Protein chains: 2
Amino acid sequence: MKRNTWQREAVREALGGNDGFVSAQTLHSELRDAGSPIGLATVYRALADLAVEGEADSLQAEGESLYRACTPGQHHHHLICRNCGLTVEIEADAVEQWAQATAAAHGFSQATHVVDVFGLCAACRLAAQGS
Amino acid sequence: MKRNTWQREAVREALGGNDGFVSAQTLHSELRDAGSPIGLATVYRALADLAVEGEADSLQAEGESLYRACTPGQHHHHLICRNCGLTVEIEADAVEQWAQATAAAHGFSQATHVVDVFGLCAACRLAAQGS
DNA sequence: TCTACTATCGATAACGAATCTCATTACCGA
DNA sequence: TCGGTAATGAGATTCGTTATCGATAGTAGA
């Protein structure tokens, strides 16, 4: 029996309110700053649940897990600004097929893949040039 | 001034003696089991150096950093068996170009990318079927 | 609506990977 | 051989994450 609690909903909303990837710790701080008495463990549990249910994407960076709300049910990858965290969801049929084909060519089955692109978004590039 | 120590060489050899990716902790255990009195911090330092110098590749998995000896100086990706850790180095010019093009299309510059394929190698698939 | 059941919460302890500290060691040029 | 100093290593520390367990509060059924 799955229950709907305001805590879970708060995490979902806080996640949706961020453009890019955020850490569980950061999300917890934001919620506490906003006056919510939510616990850190609850934020971790909620994020893990959301990730399993496909409502959030997660990736590992610099030793911590980052999460982001994403369009559910659809396989996609991310183009992430390494400066401001701005994230763009990208489709990559070509890469999907390449991954499958490459795996098969080496005798591998049940292939999954990790594909993320990091760069400097237009705004951050201009800001860097201006300084 | 860079110095050559037996510890650094021991890490290099231990890394080369493994087919797939191994964690710093595992490598340290192996070295200690083999009778080497090398310290954990030294293993971490040596691995970080090797990664910087291009003699080792690293990737994040399950909350820890994994390392592997690799052909230096050449950009490539990995096809990794999620069961036995067997790793195959793969070239992916198509993916390189796709990543650059996609980043550029969204206004991103200085694009780098993370591309790894996980699967079940032929031997592990057969073993799984046999059981 | 009321009640019982139990999923969920949350403070905190525990855990583990990675890093830092600093006294000691030993590499290497002179 | 000698001295400066890079490198080492045991242990402490940091930090993100997970486990524990009593308290809390959704939810189904009476």
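On a predicted model such as this, the values are computed, not experimentally measured, just so you know. Convention: sequence-line order gives letters A, B, ...; per-chain numbering from 1.
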Fill in: Whole angstrom value for the distance that separates P of C:dA17 from CG of B:L40
9 Å
Worksheet entry | Atom-pair distance (CD on A:E64; C1' on D:dT17), nearest Å | 11 Å
With a cut-off of less than 4.0 Å, is there a side-chain N or O of [X] near OP1 or OP2 of [N]?
| X | N | answer |
| --- | --- | --- |
| A:R32 | C:dG10 | no |
| A:Q7 | C:dG10 | yes |
| A:Y44 | D:dT17 | yes |

Please work out if [X] contacts a base, only the sugar-phosphate, or nothing of the nucleic acid, heavy-atom cut-off 4.0 Å.
| X | value |
| --- | --- |
| B:S65 | sugar-phosphate |
| A:Q25 | base |
| A:I38 | sugar-phosphate |
| A:T5 | sugar-phosphate |

Worksheet item: With a 4.5 Å limit on heavy-atom distance, are the side chains of B:R68 and B:D19 in contact?
Response: no
Item to complete: Would you mind reporting whether B:L79 and B:T87 have side-chain heavy atoms less than 4.5 Å apart?
Response: no
All N/O donor-acceptor pairs, side-chain side in residues 112-125 of chain A, below 3.5 Å, sequence neighbours left out:
| from | atom 1 | to | atom 2 | distance (Å) |
| --- | --- | --- | --- | --- |
| A:T112 | OG1 | B:R82 | NH2 | 3.2 |
| A:H113 | NE2 | A:H75 | NE2 | 3.3 |
| A:H113 | NE2 | A:H77 | NE2 | 3.3 |
| A:H113 | NE2 | A:E96 | OE1 | 3.1 |
| A:R125 | NH1 | B:G107 | O | 3.0 |

Response to the item:
Residue pair A:K2/A:Q60 against DNA chain D: nearer the 5' end by closest nucleotide is A:Q60
Item to complete: Please evaluate the base of C:dG29 for a donor-acceptor partner in the side chain of B:R3 within a cut-off of under 3.5 Å?
Response: no
Discussion item. Is it the case that the base of C:dT8 and the side chain of A:R8 share a donor-acceptor contact (distance under 3.5 Å, atom types as modelled)?
Written reply: no
Worksheet item: Residues two or more places apart in sequence or in another chain: which of them pass side-chain hydrogen bond (donor to acceptor under 3.5 Å, both in side chains) with A:E30?
Response: A:N18
